[in-house]
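Read the structure below first, then the notes.
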Amino acid sequence: MFAALGFMSPASRGTLIIGMLIFYMILGIAAGYVAVRLWRTIGCGDKKGWVSVSWKVACCFPGIAFFILTTLNFLLWGSHSTGAIPFSLFVVLIFMWFCISVPLTLVGGYFGAKAPHIEYPVRTNQIPREIPAQKYPSWLLVFGAGTLPFGTLFIELFFIMSSIWMGRVYYVFGFLLIVFILLVVVCAEVSLVLTYMHLCVEDWKWWWKSFFASGSVAIYIFLYSVNYLIFELKSLSGPVSEALYLGYSLLMALAIMFAMGSVGFLSSFWFVHYLFSSVKLD
């Protein structure tokens, strides 16, 4: 968004990366707040354990990213490559993680624990209703739903991959912003439709299915990355370069899965809440 508005030059990739790191740390407040408030909603207002939830939020994705980066760096150190990340930079990243991001996430979790939890619009039964037998596996439909969001992204994905791996400068951030907005809208719509289909067949276990319905676009993005490696990046030499490419592609796919899965779940949560709040029960 900032690059599309002209605040960051696309020719200076370091500025973009620093901007992403800073905003990721600052938005830890929002992450902790939303996570703890949703956790309290599921737990019917119980405040105990919000510190543990905030810690998990602060350490989940950064921990995965740190593990992937460390593994790839050991490969680069083992091959005596000059592209390895210096140890001092690892120390700086750990300092930013535990001294800035984690405390801000705990602050957001504190405010989430103080905020009122979201009330259910109807009373729920203590005994869960039995789900009828389905004609087809619901998870098959969930993972197949990722093809629709991928259809809005795959053309632009080629230019993004060329900019990252082929050294080409990427300038069309305004168009990329439009594609990103379309991706968010399509992910929300796909998750809403599948959630409604599950409710129509009396399948009330929609929570994780709504997450993976839109988050499954990451599977197709990773498969596209493998296709790009085979047919476009023929200049890569050696297994270390290929492992480096696949590692960063996996990290990118996981980030997209968490982001788009959250969009799908939050939109489905709002939809179900609105749907049942319109139902009049005596």
Side-chain angles (χ1 to χ4, degrees), residues 27 30-46 53-54 56-57 60-61 64 108-109 112 115 117-125 127-154 179-223 252-279 281:
L27 290 174
Y33 178 85
V34 173
V36 171
R37 196 173 182 195
L38 280 175
W39 170 76
R40 290 187 59 214
T41 299
I42 297 173
C44 299
D46 187 11
V53 174
S54 301
K56 291 175 182 177
V57 171
C60 178
F61 180 72
I64 295 173
H117 68 280
I118 304 172
E119 297 285 349
Y120 291 142
V122 294
R123 182 175 54 86
T124 57
N125 295 326
I127 302 176
R129 180 183 297 177
E130 183 179 356
I131 300 175
Q134 308 297 322
K135 296 180 181 180
Y136 50 86
S138 59
W139 286 102
L140 183 64
L141 186 62
V142 166
F143 286 112
T147 55
L148 295 176
F150 180 73
T152 65
L153 182 69
F154 80 98
V179 172
F180 174 73
I181 294 173
L182 288 175
L183 177 64
V184 171
V185 172
V186 172
C187 284
E189 291 177 345
V190 165
S191 183
L192 287 178
V193 170
L194 284 182
T195 300
Y196 183 74
M197 291 175 62
H198 286 124
L199 293 177
C200 287
V201 295
E202 300 182 21
D203 186 357
W204 47 269
K205 294 182 178 180
W206 58 270
W207 297 72
W208 282 109
K209 293 174 184 177
S210 65
F211 179 87
F212 286 111
S214 53
S216 61
V217 64
I219 298 176
Y220 302 97
I221 291 176
F222 184 75
L223 293 177
M252 180 179 68
L254 288 173
I256 294 175
M257 183 194 73
F258 286 130
M260 295 301 105
S262 300
V263 169
F265 169 74
L266 291 174
S267 58
S268 295
F269 184 86
W270 172 84
F271 169 73
V272 173
H273 190 278
Y274 178 78
L275 183 68
F276 280 92
S277 62
S278 303
V279 177
L281 295 176

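Numbers here simply count residues along the sequence, with the first being 1.
- Taking CD1 of Ile256 as the reference point, atom CZ of Phe150 lies at 10.0 Å (rounded to 0.5 Å).
- Nearest heavy-atom pair, Tyr120 versus Ile42, reported as atom, atom and distance to 0.1 Å: OH-CA, 3.7 Å.
- Checking side-chain atoms of His273 against main-chain N and O of Glu119 turns up a donor-acceptor pair under 3.5 Å.
- There is a side-chain donor-acceptor pair under 3.5 Å between Ser191 and Ser268.
- Of all heavy-atom pairs between Leu194 and Ala145, the closest is CD1-CB, 3.4 Å.
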Q.
Working note: Leu148 + Glu189, criterion side chain to side chain contact (heavy atoms under 4.5 Å, CB included); need CA distance, chi angles, decisive distance, verdict.
A. CA-CA 10 Å; Leu148 295 176; Glu189 291 177 345; over 6 Å; no
Q: Given side chain to side chain contact (heavy atoms under 4.5 Å, CB included), test Leu199 with Leu275 step by step and report yes or no.
A: CA-CA 11 Å; Leu199 293 177; Leu275 183 68; 4.1 Å; yes
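- Atom OG1 of Thr195 and atom CH2 of Trp207 lie 11.0 Å apart (nearest 0.5 Å).
- The side-chain heavy atoms of Val186 and Pro149, taken from C-beta on, include a pair separated by under 4.5 Å.
- Residue Phe258 qualifies as enclosed at atom CZ: its count of foreign heavy atoms under 6.0 Å is above 12.
- Of all heavy-atom pairs spanning Val36 and Ser54, the tightest one is CG2-OG, 3.5 Å.
- By the 30° and 60° cut-offs, the orientation of the rings of Phe265 relative to Trp206 is parallel.
- Between the CG atom in Leu153 and the CD1 atom in Ile221 there is a gap of 5.0 Å [rounded to 0.5 Å].
- Counting non-hydrogen atoms of other residues, nucleotides and ligands closer than 6.0 Å to CH2 of Trp204 gives a total above 12.
- Residues Val57 and Gly32 come closest through the heavy atom pair CG1-N, 4.5 Å.
- Here CD of Glu130 is found 10.0 Å from CD of Glu202. Values are rounded to the nearest 0.5 Å.
- Here the closest heavy-atom approach between residue Met260 and residue Val184 is recorded as CE-CG2, 4.1 Å.
- Put simply, CE on Met257 and CZ on Phe211 are 5.0 Å apart, with the number rounded to the nearest 0.5 Å.
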Q: Walk me through it: do Cys200 and Tyr196 pass the test side chain to side chain contact (heavy atoms under 4.5 Å, CB included)?
A: CA-CA 6 Å; Cys200 287; Tyr196 183 74; 3.4 Å; yes
Q: For the pair Leu38 and Leu266, evaluate side chain to side chain contact (heavy atoms under 4.5 Å, CB included) and give the outcome as yes or no after the intermediate values.
A: CA-CA 10 Å; Leu38 280 175; Leu266 291 174; 3.7 Å; yes
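- When atom types are taken as modelled, the side chain of Thr41 and the backbone of Ile118 share a donor-acceptor pair closer than 3.5 angstrom.
- Here the straight-line distance linking atom CD1 of Ile219 with atom CZ of Phe212 works out to 8.5 Å at 0.5 Å rounding.
- Of all non-hydrogen atoms in Val142 and Lys209, the two that sit nearest each other are CG1-O, 3.7 Å.
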